[in-house]
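Note that these values count all heavy atoms, side chains included, but never hydrogens, waters or copies made by symmetry.
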Amino acid sequence: MSQSANNPNRSSWLHVTKTSDFPIQNIPFGVFLTREDIITIGSRIGDTAIDLGALHQLGYFEGIPLTDDIFLQDSLNDFIADGRKTWRAVRNRIAEIFDSNNPTLRDNKKHKEIVLFRLDEIEMQMPVHVGDYTDFYSSIEHATNVGKMFRDRENALLPNWLHIPVGYHGRSSSIIPSGIPIHRPKGQTLPDGSDTPVFGPSQLIDFELEMAFITTAANDLGEPIPIEEAEEYIFGLVLFNDWSARDIQKWEYVPLGPFLSKSFASAVSPWIVTLDALEPFRVAGPKPIKPQLPYLQYKGKKSFDINLEVAIKPKGAKETVVSRSNFKHMYWNMSQQLAHHTVNGCPVNSGDMMGSGTISGATEDSYGSMLELTWRGEKPIKMKDGSERKFINDFDTVIMRGYCENDDVRIGFGNVSNQLLPVFVPKKGK
């Protein structure tokens with residue numbers, strides 16, 4: 001099926017600014033609460049949200065095999081489970097409906113009042129119910145930096161790193177959408193010079209600049225996904241902030257990896273940008289340093305040129321951009337990650353989320369965490385308000401943005417933004 005929605009010459013009858021992340025060529029998918037407190041699946045063009053449930057009920061998806069309630073749900077899981085053919089047909093149809101040359105909905109005032117919402121009339125929700133969440137460790141720059149800090153420069157990368165996309169299974173219950181504040185976590189840490197841990201608030205809260213991809217139901221138990229088929233099962237991507245408590249992590253991660261240091265919160269941007277929308281921004285990834293096993297070898301361009309940035313906004317102050325990076329820096333790409341994830345026969349389901357791991361570039365201003373940007377706190381970053389940051393302070397808001405851009409079009413993700421609050425204090429009487 002053609003991807004007519006990607007036509008760079010198409011324009012919409014909805015207002016879209018030149019710098020918008022959401023032109024008619026994007027057509028992302030999300031879930032939102034409407035002004036009538038109805039939850040629905042939707043899309044977005046410019047600063048207008050589109051109620052796909054209402055659009056479907058009004059007959060605008062006629063001819064596409066969809067169940068009556070496919071968009072009247074509180075998650076995209078069932079729609080994603082319908083597969084790429086359906087995603088593409090729906091996205092193409094939305095592009096047709098909102099094309100500047102199509103009067104069908106444009107000139108129907110009654111239908112527009114039912115279908116269209118201003119952004120201040122809706123409340124974005126988690127786009128999927130995340131059944132399983134995996135976090136990878138796939139940036140060679142990030143892995144090398146961390147290795148230099150905690151081991152030695154000669155052995156920064158562990159022996160397996162150049163042979164497999166290293167990952168771990170994380171907690172999905174604490175994955176939240178943009179806008180939800182989080183609390184500083186408590187846990188065990190080991191003070192410098194001591195051999196006895198203490199319990200208390202983490203002092204080293206960090207962000208991790210990541211992206212995550214969402215899968216459809218892909219395979220049965222015992223069935224691997226070949227690398228050449230992997231992209232058929234990837235619905236799209238979101239920005240992903242994998243919050244981290246570095247002092248808790250340092251004490252707990254040997255021998256089984258992070259646990260409490262990661263499971264207190266991870267945050268996603270609410271609009272899922274489809275792999276189809278990102279098609280014009282394919283690029284070649286880094287060349288392998290060592291030969292990779294056949295099941296991880298691929299042909300073609302499997303990386304994407306996605307510009308990324310992170311800003312910190314102290315309470316009551318202007319934000320300071322602290323990092324600018326790019327998704328194309330990833331040593332291991334999504335196809336390799338999914339092929340490796342399933343090579344042992346592990347089933348992947350609709351709505352599963354796979355974090356890329358921290359995305360760091362080669363320069364100091366492109367590192368994807370405060371751990372690297374301040375080099376364990378040894379090089380504090382100055383904020384616009386004159387304060388300094390080694391890690392994230394209470395009441396700081398961390399904002400991540402991402403977009404692709406070429407001569408024809410800009411496709412963006414919006415942002416993921418969450419404020420860090422002090423340690424949770426139970427209300428009296430509970």
Side-chain angles (χ1 to χ4, degrees), residues 3-34 40-55 60 71 76 79-80 87-88 90-102 105-106 112 115-128 177-179 211-214 235-240 267-281 304-309 311 327 399-417:
Q3 297 187 55
S4 59
N6 285 5
N7 180 357
N9 297 316
R10 189 193 294 271
S11 61
S12 175
W13 50 263
L14 289 169
H15 177 68
V16 182
T17 63
K18 287 184 178 180
T19 57
S20 174
D21 281 349
F22 302 99
I24 194 170
Q25 289 81 9
N26 190 337
I27 309 180
F29 292 89
V31 175
F32 58 80
L33 196 65
T34 72
T40 187
I41 288 171
S43 188
R44 174 179 175 177
I45 296 176
D47 289 336
T48 302
I50 302 160
D51 183 343
L52 296 183
L55 205 60
Y60 284 88
F71 297 126
L76 281 157
F79 174 65
I80 293 172
W87 317 334
R88 194 167 283 177
V90 167
R91 187 166 163 269
N92 285 345
R93 180 66 59 83
I94 294 170
E96 292 170 13
I97 294 167
F98 291 93
D99 189 292
S100 56
N101 295 316
N102 187 343
L105 178 61
R106 183 193 69 197
K112 284 196 295 185
V115 169
L116 303 180
F117 294 82
R118 298 192 313 269
L119 295 183
D120 61 5
E121 295 180 302
I122 66 169
E123 183 180 308
M124 297 304 299
Q125 310 292 305
M126 272 294 292
V128 291
S178 177
M211 300 201 72
F213 66 87
I214 290 93
F235 176 64
L237 288 87
V238 292
L239 299 171
F240 191 74
V268 302
S269 52
W271 294 106
I272 302 175
V273 177
T274 63
L275 218 56
D276 279 351
L278 297 173
E279 189 66 33
F281 304 96
F304 295 86
D305 184 5
I306 305 173
N307 300 293
L308 301 167
E309 74 172 32
F327 187 60
I399 307 159
M400 295 180 177
R401 302 182 179 93
Y403 67 92
C404 312
E405 195 166 33
N406 58 26
D407 292 338
D408 297 318
V409 70
R410 173 189 171 110
I411 301 291
F413 294 79
N415 68 61
V416 54
S417 173

Suppose the criterion is side-chain hydrogen bond (donor to acceptor under 3.5 Å, both in side chains): which pairs have a residue in residues 40-54, not counting sequence neighbours? Thr40-Asp51, Arg44-Asp47
Report the residues that fulfil salt bridge (Lys or Arg N to Asp or Glu O under 4.0 Å) with Asp407, sequence neighbours left out, ordered by chain and then residue number. none
Leu55: which of Ile97, Leu116, Val90 passes side-chain contact (heavy atoms from CB on, under 4.5 Å): Ile97
Using side chain to side chain contact (heavy atoms under 4.5 Å, CB included) as the criterion, list what pairs up with Asp99, not counting sequence neighbours. Arg10, Asn101, Asn102
Exam field: side chain Asn92 to backbone Gln3, donor-acceptor pair closer than 3.5 Å: no
Kindly write out the residues that satisfy salt bridge (Lys or Arg N to Asp or Glu O under 4.0 Å) with Glu123, not counting sequence neighbours, or none if the list is empty. none
Apply side-chain hydrogen bond (donor to acceptor under 3.5 Å, both in side chains) to Arg106 and list each qualifying residue two or more places apart in sequence or on a separate chain. none
Starting from the C-alpha separation in whole Å, work towards a yes-or-no answer on side-chain contact (heavy atoms from CB on, under 4.5 Å) for Phe413 and Asp21. CA-CA 6 Å; Phe413 294 79; Asp21 281 349; 5.6 Å; no
Which pair of heavy atoms, one from Pro23 and one from Ile45, lies closest together, and at what distance? C-CG2, 4.4 Å
With sequence neighbours left out, write down each residue that passes side-chain hydrogen bond (donor to acceptor under 3.5 Å, both in side chains) with Tyr403, or none if nothing qualifies. none
Using only heavy-atom distances, determine whether the side chains of Ser269 and Ser178 contain a donor-acceptor pair under 3.5 Å. no
Any sub-3.5 Å donor-acceptor pair from Gln25's side-chain atoms to Ala277's backbone N or O? no
Report the residues that fulfil ring-ring contact (aromatic ring centres under 6.0 Å, His included) with Phe240, sequence neighbours left out, ordered by chain and then residue number. Tyr133
State which residues pass side-chain hydrogen bond (donor to acceptor under 3.5 Å, both in side chains) with Asp408; sequence neighbours excluded, sorted by chain then number. none
Go through the structure and list residues passing salt bridge (Lys or Arg N to Asp or Glu O under 4.0 Å) with Arg401, not counting sequence neighbours. Glu309, Glu319
Is Arg91 reaching over with its side chain to a backbone N or O of Asn26, donor-acceptor style, under 3.5 angstrom? yes
Hits for side chain to side chain contact (heavy atoms under 4.5 Å, CB included) against Ser20, two or more places apart or cross-chain, chain-then-number order -> Val16, Thr17, Phe22
Mind checking ring-ring contact (aromatic ring centres under 6.0 Å, His included) for Phe327 and listing every partner two or more places apart, or none if nothing turns up? none
Looking at residues at least two apart in the chain, or sitting in another chain, which of them share a side-chain hydrogen bond (donor to acceptor under 3.5 Å, both in side chains) with Asp276? Arg88
